Amino acid sequence: MTTPTRVLVLNSGSSSVKYQLLDMRDDSRLAQGLVERIGEASSRLVHTPLQGGAKRETTGPIADHAAALKAVAAELAADGLGLDSPELAAIGHRVVHGGLRFTAPTVIDDEVLAEIERLVPVAPLHNPANLVGIRTAMAMRPDLPQVAVFDTAFHTTMPESAARYAIDVETADAHRIRRYGFHGTSHAYVSRETARLLGKEPEEVNVIVLHLGNGASASAVRGGRCVDTSMGLTPLEGLVMGTRSGDIDPAVTFHLKRVAGMDEDEVDVLLNKKSGLVGLCGDNDMREIRRRIDEGDERAALAFDIYVHRLKKYIGAYYAVLGRVDAVAFTAGVGENAAPVREAAIAGLEELGLAVDADLNSVRSDEARVISPVYARVAVAVVPTDEELEIARQSHALVQSSASSNE
């Protein structure tokens, strides 16, 4: 009997489902797609077979996540890749918050579902949508292993000195208040790929990973284990982001209540959706911000400078935490594509052994690469992230391990 090698990766949002089907024999992608605007009359499904065949797009009402996954299954079946295939080994689910309990990929059962639900108060935007996707997939293939891969898991290795906030311990423990961190799947993948790029094992290198997308986070990784990260109880803390403020004096929230008369929901919307780059200059697209800077726009220039200033602070802080740094790795949409951000973030850090080669930095590529000059003591790298591949790898490895232990 042939051992199943395919993994379907699902990332369920509140009104969307992103998916990829991968073959773990060679990490190849067989298909990928996106269902968006679920629950609306103008729902849209874009499906791309990656082993030949044209992209297909359909529009029309998709009532809920169950209907969305049935539509995804139909598209896969049309390519001979249906969910009933005996070659499908598992379905891997991105789950944003796993708290302290889930430190590794986990086969989902009723107890796991209950714990993910208990964590909804600390991930109210993400965990409910993740749960809908999981339950829908379980109903469609109850016989198939469903694996949860948690955004927070990679950060559970942080020491208490990094993970705890300096507030009353009893209050913090009663309400699960601590730094959890997010984007962990990306930080895990990129830190390992950076080690590979340097020709070393993950256990041999210390890496500062800068995941810079619309959401942005930094991590300090010592020997393959996270020892600090910028996001906290929620994804709001840390770097300046597209629409999130990042680090801010907590008393700002009290001030806005007292002086501006804003309630909790209004402050929440302000800090999560109307702050960051969009709050500073009205744009959260770094390409547009750079265009405006080139035209002499002072608000865009200030937004860029604030963004870079915060990046530098975290690079310096994590350099101090690690003591020795072998590489700084840029990843995600801005990190991989915005050469001016990389250049500005590293500029002036020569005494720390950091430098960027202008010619290498200007190259556009989908490949992992070093952009620092040969004389630099610390490598600066661009390492494209691949969270779907990481989820597939972790899911497949867990299912294989479970099968072996049951033999």
Side-chain angles (χ1 to χ4, degrees), residues 5 7 9 20 22-29 92 94 103-105 149-151 153-157 181 183-213 217-229 315 318-319 321-337 339 342 345-346 352-357 360-361 363-398 400-401:
T5 60
V7 176
V9 175
Q20 287 194 16
L22 299 94
D23 191 324
M24 304 318 298
R25 289 176 296 186
D26 57 4
D27 292 346
S28 62
R29 284 168 174 74
R94 180 201 179 205
T103 63
V149 177
F150 299 91
D151 272 12
F154 183 64
H155 303 305
T156 57
T157 57
H183 295 147
T185 307
S186 176
H187 286 277
Y189 177 85
V190 170
S191 59
R192 283 201 304 273
E193 285 298 298
T194 302
R196 183 191 62 77
L197 184 64
L198 300 181
K200 297 182 178 181
E201 294 298 318
E203 295 77 16
E204 300 177 283
V205 300
N206 293 349
V207 184
I208 297 171
V209 178
L210 302 172
H211 176 108
L212 309 179
S217 59
S219 68
V221 183
R222 177 185 292 127
R225 293 166 62 86
C226 177
V227 295
D228 206 348
T229 193
I315 293 170
Y318 286 172
Y319 206 120
V321 166
L322 291 170
R324 188 200 84 239
V325 175
D326 299 292
V328 174
F330 290 86
T331 194
V334 174
E336 293 170 29
N337 297 299
R342 299 191 295 259
I346 299 300
L352 298 179
L354 289 158
V356 165
D357 181 288
L360 294 175
N361 189 37
V363 173
R364 296 293 295 266
S365 173
D366 293 331
E367 299 298 320
R369 59 202 184 276
V370 173
I371 60 170
S372 48
V374 292
Y375 63 78
R377 191 168 73 249
V378 179
V380 179
V382 180
V383 181
T385 191
D386 197 332
E387 294 172 272
E388 289 78 14
L389 177 57
E390 181 69 16
I391 291 169
R393 284 174 173 171
Q394 291 191 27
S395 300
H396 191 243
L398 178 60
Q400 281 194 312
S401 175

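Note that the coordinates shown come from a computational prediction; the quantities given were computed from them, not determined experimentally.
- In this structure, R342 and V382 have side chains that are in contact, with non-hydrogen atoms separated by less than 4.5 Å.
- Side-chain atoms of E204 come within 3.5 Å of backbone atoms of E201 as a donor-acceptor pair (strictly under, hydrogens ignored).
- Classification of the H183-H211 ring pair by plane angle, with boundaries at 30° and 60°, yields parallel.
- Taking the side chain as every heavy atom from C-beta outward, D357 and I371 never approach each other to under 4.5 Å.
- Using modelled atom types and a 3.5 Å distance limit, the side chains of T385 and S186 yield a donor-acceptor pair.
- At a cut-off of 3.5 Å, with distance as the only test, a side-chain donor of D23 or T5 sits close to an acceptor on the other residue.
- Put simply, the side chain of R29 never gets that close to the backbone of Q20: no donor and acceptor are under 3.5 Å apart.
- Of the possible polar contacts, one joining the T229 side chain to the A218 backbone as a donor-acceptor pair under 3.5 Å is found.
- Residue-environment remark: CD (E367) stays at or below the threshold of 12 foreign heavy atoms within 6.0 Å.
- Using modelled atom types, one side-chain atom of N337 and one backbone atom of G333 make a donor-acceptor pair closer than 3.5 Å.
- Residues E390 and R192 form a side-chain contact, since some pair of their non-hydrogen atoms from C-beta on lies under 4.5 Å apart.
- Under a 3.5 Å cut-off, the side chain of S372 and the backbone N or O of V380 do form a donor-acceptor pair.
- The backbone N or O of V325 lies less than 3.5 Å from no partner atom in the side chain of Y319, so there is not a single donor-acceptor pair.
- Between R393 and D27 there is a side-chain heavy-atom pair separated by less than 4.5 Å.
- Distance OG1/T103 to CZ/F154: 12.5 Å, rounded to 0.5 Å.
- Side-chain contact, N206 with R222: no donor N or O sits under 3.5 Å from an acceptor N or O.
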